[in-house]
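Have a look at the structure below before the remarks.
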There are 2 protein chains.
Amino acid sequence: MTARSHGQEVVPKFRGPATTAPLGVELSERETPVHPDTRRRAPAAHVTLDAVAREAGVSLATASRALNGTARVRDDLRGRVRAAADLLGYIPNAHAQALASPEGNRTVGLICHDVGDPYFAGIAGGVMRAAAEQDLLVMLASTFREPAREIAYVSMLRAQRARAILLIGSGFQDRAWERAMDAELEPYVRAGGRVAVVSRHRSMRVDTVQPENRAGAAALAASLVALGHREFAVLSGPPELTTVADRLAGFREGLARAGITLERVVRGAFTREGGHAAARQLLASGGSRPTCVFAVTDVMAVGALAALREAGVRVPEDMSLAGFDDIPVVREVSPPLTTVALPLTEMGEQVIALALRTPSGAGRSRVLRIEGNVVLRGSTGAPPGS
Amino acid sequence: MTARSHGQEVVPKFRGPATTAPLGVELSERETPVHPDTRRRAPAAHVTLDAVAREAGVSLATASRALNGTARVRDDLRGRVRAAADLLGYIPNAHAQALASPEGNRTVGLICHDVGDPYFAGIAGGVMRAAAEQDLLVMLASTFREPAREIAYVSMLRAQRARAILLIGSGFQDRAWERAMDAELEPYVRAGGRVAVVSRHRSMRVDTVQPENRAGAAALAASLVALGHREFAVLSGPPELTTVADRLAGFREGLARAGITLERVVRGAFTREGGHAAARQLLASGGSRPTCVFAVTDVMAVGALAALREAGVRVPEDMSLAGFDDIPVVREVSPPLTTVALPLTEMGEQVIALALRTPSGAGRSRVLRIEGNVVLRGSTGAPPGS
DNA sequence: ACCTTACCAGAAAGCGCTTTCTGAAAGCGC
DNA sequence: GCGCTTTCAGAAAGCGCTTTCTGGTAAGGT
């Protein structure tokens, strides 16, 4: 046997070309030396509580009580059990515990569209931090914006008997999917499951962390008007999402208070590229050019900023640009983007706190309204001709 | 009872002030109407397979086989079982399944420092996508860079009997913690557990996805030299991390090939702020100013770019700046950053694939080397006086 | 000294499922 | 038509743990 051979092979499947150039990948093998003093015991599949009890010379029940502190156990016995447990390297089987105990397990489920999106990453960070403090494990599910996957995940999380299911982000355009989701969630909630959502208007009443999209956008509009702008355009997302609808409506409202009508709304996907494309479309369309553009999310605004730069439009000299959310990247671009700041981390902490407080089905659900703050940065200024 | 009251109260605890300004938060309640046609059955704690079997008039065993397709079941019986299952809204108990079946459960554990960091988010995205394809649930653990938490998570994931444990990112400076980690991991691996890591040099031999930090940094150095630079500085991270050490060594190596000695190395934390502080420190220190700066990660480079701008240093006219990793934000800043691109998503996909292939303890571990590509962007140019 | 009370260890009954094992019924060749 | 294999449903044995329930022993009251 050529066990020592340092075989090398090119990895067979490598999905998709690299972002910028083909990249080499190389696979090599190496032997695993067995650490001498770790060879204490035969590596039985898993050390069970039974083995620990036997080693300590006590009963299964006593071992369980000693390890969990569920009931008084004589000190010497407890000592023996503890010693046996770490001699054997005992790790309890969470599945068995979950099955045997009415307490269930210590996990929560978090469903979002894409962990890669900074908006979700921010909220997820808050959830993770809060979960860590309570010794909860988070099962993360990325739907990649496919409704079917979202529903599948709810049912997987139900199967896992997660303590709570958290949904982050706007629902889907398709009402049919929303209905299917409700059908999936409803029995869960009725059976005592906890559900909480961020920014999602649902037919089912569940605990909600709801950014004040409308008020935030209205306040932003007011600030923009105060800078002297009169001609606006909005880079909008899928109009069926309440987040989009609310921000758009709020912006309109804010303008209306100043007697201004919103001239143009361009629709785009909810991504950087969507914002980029929408901005290009706006520039390509004829008519008088707006002096100020509001993109309904920062992610879109970042794309729009790139598009404006590519088109030679200076921000804010030729055109002002504002977003919504205050994701970290907006401070790094130049000019930094004016936006409506949402406390993403706190929202994450709040949504899990909300979910864990009491069962969702307890007759009433809570709505935690989060106010956004207009943050004026370099991307907005006085309109060109002033 | 004033069940209809729309009680409002300010949420009691709200950790930390908002990022930019105090924000109002408002809590309100609302009643949950019971949807009429969903009231089919009493919401027993959970529908069990036993109930399904009884409803279908078959035995437990048959119900199990019918639902899982583990063995042939007469068509009519299978039909009855399926019908009963979704009439009752049966969801299998994953814990019971995991306990009863040698297959174990369908979850993997992913441990990283911080989901909020774009580098991790990128890799995590790849892991999530691959996991989704295989119907695996990912248990995400953020250590927030606390070694104790990392070890605690390994043991939680062991308890959950995760199919694999994935560790992303460099290990800790403190050798004692590394040893503790190994002690935690070792019995797991010996018991057939699968472990794979990204970018982590460990005493224990586990499957590894290893970016070619050294070669990448050397190639970057060569490109920079080719632009005409002769005086360099490096914004480095904690030197105990192999990632840092390798990139630094590689960069030195690349320079050495051109007969250039690295003038200055400034150490900073592995964050945006670390990069910012390191850049300030570099500017503050006397002596001749380097014409080109390499930050060992893009996150640090982004911070450095901000610091340079604040100090009135033009990039790349006065000073060139380059990073490593190619996280999304480096394309959005201006000028966009030159960097060594790593295929983060693919790395995530590969690490989970590696872990799932065969048990880690099978005598040999594999190392998948990932080559980075130098991507020249606007942040680098010819040195000032040329 | 006798009986009650308190304390605590062990036996055993599940938790909800998978999977052998057993056996009944049906299909086949002779 | 008889024994053979084949097909497939049901009984039952766990998986590893928690948690009653039971019972033995020591302490306290009279």
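In what follows, chains are A, B, ... by sequence order, proteins preceding strands, each numbered from 1. Worth saying up front: this structure is predicted, and the values here are computed from it rather than measured.
No hydrogens or angles considered: a donor-acceptor pair under 3.5 Å links the side chains of B:T107 and B:N105. Defined by atom type and a distance below 3.5 Å, a donor-acceptor pair is missing between the side-chain atoms of A:N93 and A:H46.
Here B:T48 lies in heavy-atom contact (under 4.0 Å) with sugar-phosphate atoms only.
Base pairing annotation: D:dG28 forms a Watson-Crick or G-U wobble pair with C:dC3, both donor-acceptor distances under 3.5 Å. Within the shown strands, D:dC2 is the pairing partner of C:dG29 under the Watson-Crick or G-U definition, both distances less than 3.5 Å.
When the side-chain nitrogen and oxygen atoms of A:S64 are compared with OP1 and OP2 of D:dT18, one or more of them lie within a distance under 4.0 Å. Taking side-chain N and O atoms only, B:N68 has a distance below 4.0 Å to OP1 or OP2 of C:dT18. A sub-4.0 Å separation between OP1 or OP2 of D:dG10 and a side-chain N or O of B:T62 is present. Residue B:R72 places no side-chain N or O under 4.0 Å from the OP1 or OP2 atom of D:dT7.
Rounded to whole Å, the distance from CZ on B:R54 to C1' on D:dG10 is 15 Å. Atom CG in A:L60 sits roughly 19 Å away from atom P in D:dT22 (whole-Å rounding). Residue A:H46 contributes atom NE2, which lies 10 Å from atom P of D:dC17 at whole-angstrom precision. At whole-Å resolution of the value, NE2 in B:H95 and C1' in C:dT18 are 17 Å apart. In this entry the distance linking CG of B:D75 with P of D:dT7 reads 15 Å, nearest Å. Whole-Å rounding puts the B:N105 CG to C:dG16 P distance at 18 Å. Taking atom CD of residue B:E103 and atom P of nucleotide C:dG16, one finds them 23 Å apart after rounding to whole Å. B:Q160 has its CD atom 14 Å from the C1' atom of D:dG16, to the nearest Å.
Taking the centre and axis of the six-membered ring of B:F144, the NZ or CZ atom of A:R129 falls inside the cone set by 45° and 6.0 Å.
Between B:S101 and B:V58, the residue anchored closer to the 5' end of DNA chain D is B:V58, taking for each the nucleotide with the nearest heavy atom. Residues B:Q97 and A:R74 both approach DNA chain C. Their nearest nucleotides, taken by heavy-atom distance, put A:R74 toward the 5′ side. When each of A:R65 and A:L99 is assigned the nucleotide of DNA chain D bearing its nearest heavy atom, the one mapping closer to the 5' terminus is A:L99.
Under the 30°/60° scheme for interplanar angles, the aromatic rings of B:H113 and B:F120 are found to stand perpendicular.
Closest approach to the B:A61 side chain among C:dG16, D:dT19, D:dA11 is made by D:dA11 (side chain taken as heavy atoms from C-beta onward).
Judged purely by atom type and a 3.5 angstrom limit, A:T208 uses its side chain to pair as donor or acceptor with the backbone of A:V206.
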